[in-house]
Amino acid sequence: MKKLTKIKVAFLDRDGVINKKADEHCYITRLEDFVINDDIIDDCLDLKKQGFEFIVITNQRGIARGLLSTSTLKDIHALMREEFKKNSIDILDVFYCPHNIDSCDCRKPKDGLLRQACLKYDIDLPNSILISDSVEDLQMGKKFGIGNNIFYGL
Ligand SMILES: [Mg+2]
Ligand SMILES: [Zn+2]
């Protein structure tokens, strides 16, 4: 049975928000390169108090380019969840685009990842927020109906 109340979600971009970004044109391909930004943990704790659930949406073209395997990406995301969990924050889900440019409808700033999340969960979009270091992501969120789209640069 679907929950009667819709959930409000904080959609989090990954690179540059949750973790420190790789250098330009580089990807996070190893666990040791995944360095969490301490501030986002504090911010998420505040959001948790306000009743938000957390969903990560991230482009990972390194997979299409053969620079990163799906299994390594899953390990990185398991580590990310673990680090959040240590701080009492549960990440509800992670949606990622593994595709190359112009080959899918889920590579941000296309809205496929948001649509996937909405198919799986009953989300209160106007009361949800999207946090990203990409202005294009924020425009996508706004167009999609997310109430609050917040720029977050490391
Ligand atoms: Mg980013
Ligand atoms: Zn895609």
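Ligands are counted one by one from 1 in listed order, and the atoms in each one are counted from 1 as well.
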- For Ala22, enumerate each residue passing the side-chain contact (heavy atoms from CB on, under 4.5 Å) test, keeping only those at least two apart in sequence or located in another chain. Cys26, Ile28

- Task: Pull up every protein N/O/S atom sitting under 2.8 Å from the Mg ion (ligand 1), skipping waters.
- Result: Asp13 OD2, Asp15 O, Asp133 OD1

- Near the Zn ion (ligand 2), which protein N/O/S atoms fall under 2.8 Å? Cys97 SG, His99 ND1, Cys104 SG, Cys106 SG

- Message: Salt bridge check, Lys21 against Asp133: does any charged N sit closer than 4.0 Å to a carboxylate O?
- Response: yes

Do the side-chain N and O atoms of [X] and [Y] include a donor-acceptor pair separated by under 3.5 angstrom?
X      : Y      : answer
Asp43  : Tyr152 : yes
Tyr96  : Arg14  : no
Ser134 : Glu136 : no
Asp15  : Gln60  : yes

- Query: Between Lys108 and Asn59, what is the shortest heavy-atom contact and its length?
  - Reply: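 Heavy-atom minimum between the residues: N-OD1, 2.9 Å.
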
- Message: Holding to salt bridge (Lys or Arg N to Asp or Glu O under 4.0 Å), I want the full list of residues that pass it with Glu32, two or more places apart in sequence or in another chain.
- Response: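 Result, salt bridge (Lys or Arg N to Asp or Glu O under 4.0 Å) vs Glu32: Arg30.
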
- Verify the neighbour count for atom CG of Asp102: are there more than 12 heavy atoms of other residues, nucleotides or ligands below 6.0 Å?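 No, not enclosed.
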
